[in-house]
Amino acid sequence: MRMWKRRGLLPAAALLALTLPLSGSLVPDTAATAAPRITTPERFFGFPLGAEGRLARWDDLVRYYKFVADRSDKVVYQEIGRSAAGLPFPLLTVSSRDNLRNLDRIKQANRRLADPRGLTEAEARRLAAQSKPVFLLEAAIHSTEVGTAQVIPNILHRLADEKSTTISEILDNVVLLIIPAQSPDGTKWVGDYFNYTAGTNYARTYPDLYQKYIGHDDNRDWFMFTQPETQISVALQNEWKPQVVQNLHQMGNARGRIFVPPYLSPNDPNIDPITVQQTNSLGMEISRSLTAEGKKGVNWGSTYDYWTPSRQYMTYHGAPRILVEAASAQDLAYTYRSSDGGPIGPQEPDTNFIEPYDKSTWTLAQIVDYLDTSVFGALSNVAKYRTEWLYNFYRTQRNAVEPSADKPFAYVAPAGQRDPFATYELLRTLQTGEVEIEQATSAFTANGKRYEAGSWVIRYAQPYGRFAKTLLEKQHYPDLREYPGGPPQNPYDVTAQTLPMLLGVQVDTVADPFTASTVRVKKVQPANPAFPGDPGRGGAYLVGPESYGTAMMIAALQKAGVETFRASAEFSAAGRTYAPGTLIVEPTAAARAALQGVSRKTGIPVSAVGQAPRVAAERLKDHTRVGLFRGVNNIPGGWMKWLFEQYDIGFTEVVAGDFAGDLNAKFDTIVLPAGISRSDIVSGLSRDRYPAEWSWAYGVGEAGWAKLRAFVEKGGTLLAIGDSVATARQLASLPITPALPTDEHVFFSPGSILSQRFDTSDPVAWGMRPDTPVWFGEDDQAYDVAGGDVVSSFPESGEQLQSGWLIGGEHLNGKANIVKHQVGEGLIVTFGSEPTFRTWSRDPSKLLFNAIYHGPSTTVDAAALPGQLRG
Ligand SMILES: [Zn+2]
């Protein structure tokens, strides 16, 4: 890095007046040319970061961060948690010595601005003038976007070592928190793999998930908070209340060289308008910095929108998300060349693309350089206008806490919900996002409806009411087209996140003020139902099928080897009606321990009856052997694996080696997650391109494919999810055909929540409400059926859209979603849409778990139940 090159900013007027070339044209700062006192990254690593074909490994990057922190009084290195695979998760705090000494005071002041209830305007102004904004920089979120990891040592060195007014201004006026890798695991795996394959014929890019479970979806976890890395970052943001969060990424080569905000429409209307404008202005500031330094190909207002909270936590907490996406190099670290020798990317200038890129090559060094400029461009602005940043932050938060006539007064979740575990998970999610939750101490009336004591109240007017609202309300995504009458403008990600629908919790929106006596819930806990006494010989424990947490009950019973039945029909016992699918368990000590353990964790009630019911049932297979097909870099399977582990489902991953033997000898049920094609199974990873440690993902050939079919024919159960239904159709010529138009003008569902009708008497749909809505994404499909048993389908008429965006919903009318197929001795269940999409869709997840155990179970009559046989 050329140390003489200043990255300071000029006012716009001065910029226009410049006649010299912009790059390196600012007033030279002689001090900045002095010999550095802290070893430069180039000397430390032995090559300049971004050098052709070179990547610094994660372990060495961490060594450098510690090295600089040891030698600088402006840098603090800390480990603030552990990654999913167990690596330390580092945080770098960078600021002036004075600020580092006063971090607690800064934190307290900013927390006060974040919750301005009771704060006067004058106090807010005083705090904004005295305190320092906190700027959170997140790098290496996606591990193959290697420039975002490689740039951090350069940024750190410059901040720690350079003596210049630009740097002093930043250090004096900003507290910079750097997460040098949002996925330390992947940064290590990708860098080590690249170095390991150097000089070989093997592919250079690590082929698998670069976060243990969810790979690239690690930045789609910002409202369900499932992964440890997300939880660490959210805890950090909750602690510090940053005023700016900048995310470093890389994109493909089809467009400009770098994307910065403003975003493409739409903005989630729950993001405060001030936050949106802060985003826009800082994005423009970065554009100006890049252009002033002669960096061409800067683009805003394309591809990336500002819609889903799955990709942005901070925007509902007062801070803009500054997304920066640099184009990528070839094979991570080699020069990318245009195919025709001409300049890369579009060449037509536009107001959001002032200067097309004019070269035919693009390198990792340029990526590092562009990202570096983007960070210092943003930091300089926040440093220069620190008071305005803090005061505007206060204004967004003041907007949040002030009641508003056009916003709901509150959301109310009535006591006595159908699924206590879902209710707990919903409230816990909101509370992780710092939403204040109250619980009624006595009955009250709101909007003409009576709510019992114990109902939960979430007021909109509170610091993070916007976060609650975006998760609790129904989304109305605008009907955006490329041009009038044209195809839909693709949302960058999905369009719906309505938690009450995804989890199956009743939450009412109350527009007008009401009064209720409530207490603040400090920490949401699972319900605490009394566990019944021993029903005695001849009796049974009963657990209704309504909660999706019932899967954990079954898993625990399976693990303990407890004989378990599920009622095939509704029955009554001890004055209560039990739905089909109710668990009937003989009251042994092992059963009691298993049920009690899960009941404590989930709040799911267990009842006991002295006389076991007389009802036909399914007897679950003891120790059902569950296989989850492992595809390389298969994100849906990764999410599923995480869920299986959370629920303690006894399962093993199905890998290539398993196809050497008899699949029926190993598995009762095999789950084929979305995204697994016939080619993934048959061809898999190439032996020539990937070394032996990937042999688990090598293709199993036609012989393996035939074994998968034989597995079903000989009695195995195969579950095919989402687009893997096409794979199952190829495997077994199933009597279903895709029913949806392929033209996006005609039908389009980019990740929305849709209506559904369930046959709740079918064992796959036990415990569902007949009209539980389902997730439906871009790659999902609905079917015309010429055989098999339809478990769920779309309503014959009426509105198919529940939340999000849908074009051509009428094409879904009456089409099938979940279908059961008898194939030989076995069963294939096809799920047209993903019942466990990103694990957000939790209520429908019981469909998957029902099917897993249903296939291998046996039908028994009432005489086989506990009590009847042994009573
Ligand atoms: Zn990315």
Side-chain angles (χ1 to χ4, degrees), residues 209 212-218 220-221 223-227 310 419 421-422 425-426 429 493-494 496-499 501-505 545 547-552 554-555 602 626-631 634-649 651 653-654 669-676 717-725 727-728 749 751-754 756 758 764-768 772-781 791-792 817-818 829-855:
L209 299 171
K212 185 178 175 188
Y213 297 101
I214 61 174
H216 196 82
D217 271 1
D218 67 350
R220 269 76 168 168
D221 192 32
F223 68 81
M224 286 302 264
F225 315 122
T226 66
Q227 302 301 309
S310 83
D419 186 342
F421 182 52
E425 290 213 305
L426 180 138
T429 300
D493 199 58
V494 298
Q497 67 262 1
T498 314
L499 282 188
M501 292 183 189
L502 292 167
L503 272 61
V505 180
S547 172
Y548 59 79
T550 306
M552 291 163 83
I554 296 173
T602 58
V626 182
L628 178 60
F629 188 89
R630 183 178 180 194
N634 178 246
I635 296 170
W639 281 105
M640 227 177 244
K641 178 180 172 177
W642 177 82
L643 191 66
F644 283 19
E645 287 185 13
Q646 296 302 303
Y647 287 8
D648 211 8
I649 306 288
F651 76 101
E653 291 181 290
V654 182
T669 298
I670 292 176
V671 182
L672 216 51
I676 303 294
T717 296
L718 182 72
L719 311 182
I721 316 292
D723 57 0
S724 291
V725 172
T727 311
S749 175
S752 306
I753 303 173
L754 306 186
Q756 195 80 165
F758 286 94
V764 173
W766 279 340
M768 301 299 287
T772 307
V774 294
W775 185 265
F776 202 91
E778 250 181 321
D779 299 326
D780 292 338
Q781 184 58 265
V791 177
S792 86
N817 184 2
I818 303 173
V829 187
T830 52
F831 296 78
S833 74
E834 282 187 74
T836 56
F837 179 76
R838 289 181 185 164
T839 77
W840 306 343
S841 171
R842 292 198 182 177
D843 193 10
S845 73
K846 62 172 86 100
L847 295 157
L848 178 78
F849 295 112
N850 282 344
I852 283 174
Y853 297 105
H854 161 63

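Everything numeric here is computed off the predicted structure, so don't read it as measured data.
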At what distance, to the nearest 0.5 angstrom, does [atom1] of [X] lie from [atom2] of [Y]?
| X | Y | atom1 | atom2 | answer |
| --- | --- | --- | --- | --- |
| Ile676 | Ser724 | CD1 | OG | 5.5 Å |
| Ile721 | Phe629 | CD1 | CZ | 13.5 Å |
| Ile818 | Gln756 | CD1 | CD | 6.5 Å |
| Thr717 | Ile670 | OG1 | CD1 | 9.5 Å |
| Ile554 | Asn850 | CD1 | CG | 6.5 Å |
| Ile852 | Lys846 | CD1 | NZ | 15.0 Å |

Okay, side chain of [X], backbone of [Y]: is any donor-acceptor separation there less than 3.5 Å?
| X | Y | result |
| --- | --- | --- |
| Asp648 | Ala555 | no |
| Ser833 | Trp775 | yes |
| Asp780 | Gly722 | no |

Could you check if a side-chain atom of [X] sits within less than 4.5 angstrom of a side-chain atom of [Y], using non-hydrogen atoms only?
| X | Y | value |
| --- | --- | --- |
| Phe831 | Thr836 | no |
| Glu645 | Tyr213 | yes |
| Leu848 | Met640 | yes |
| Thr772 | Phe758 | yes |
| Leu754 | Ser749 | yes |

Phe651 and Lys641: side-chain contact (heavy atoms from CB on, under 4.5 Å), yes or no, with the steps?
CA-CA 9 Å; Phe651 76 101; Lys641 178 180 172 177; 3.9 Å; yes
Which word best sums up how the rings of Phe849 and Tyr647 line up, parallel for under 30°, tilted for 30 to 60°, or perpendicular for over 60°?
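Judged by the thresholds at 30° and 60°, the geometry between Phe849 and Tyr647 is tilted.
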Quick one: sort the Trp840 and Phe223 rings into parallel, tilted or perpendicular, breaks at 30° and 60°.
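Trp840 and Phe223: tilted rings.
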What's the shortest heavy-atom distance between [X] and [Y], and which atoms?
| X | Y | result |
| --- | --- | --- |
| Phe837 | Val494 | CZ-CG1, 4.0 Å |
| Phe776 | Gln781 | CZ-N, 3.5 Å |
| Gly675 | Asp723 | N-OD1, 2.6 Å |
| Ile214 | Leu209 | C-CD2, 4.3 Å |
| Leu847 | Pro835 | CD1-CB, 4.4 Å |
| Val829 | Ala851 | CG2-CB, 4.5 Å |

Can a salt bridge be assigned to the pair Asp493 and Arg838 using a cut-off of 4.0 Å between side-chain N and carboxylate O?
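A salt bridge is present here (some side-chain N lies under 4.0 Å from a carboxylate O).
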Evaluate the criterion side-chain contact (heavy atoms from CB on, under 4.5 Å) for residue pair Ser841 and Leu502; output intermediate values, then yes/no.
CA-CA 5 Å; Ser841 171; Leu502 292 167; 4.2 Å; yes
Please report the C-alpha distance between Ile635 and His216 in whole Å, then the side-chain angles of each, then the deciding distance to 0.1 Å, and finally whether the side-chain contact (heavy atoms from CB on, under 4.5 Å) criterion is met.
CA-CA 7 Å; Ile635 296 170; His216 196 82; 3.8 Å; yes
Please name the residue in the list Thr602, Asp843, Asp419 that meets the side chain to side chain donor-acceptor pair (under 3.5 Å) test with Ser547.
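Only one of Thr602, Asp843, Asp419 forms a side chain to side chain donor-acceptor pair (under 3.5 Å) with Ser547, namely Asp419.
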Is there a side-chain contact (heavy atoms from CB on, under 4.5 Å) between Leu499 and Val505 once you walk through the steps?
CA-CA 8 Å; Leu499 282 188; Val505 180; over 6 Å; no
Mind checking what makes ring-ring contact (aromatic ring centres under 6.0 Å, His included) contact with Phe421, not counting sequence neighbours?
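Testing Phe421 for ring-ring contact (aromatic ring centres under 6.0 Å, His included), a comparison that skips the adjacent residues, returns Tyr548.
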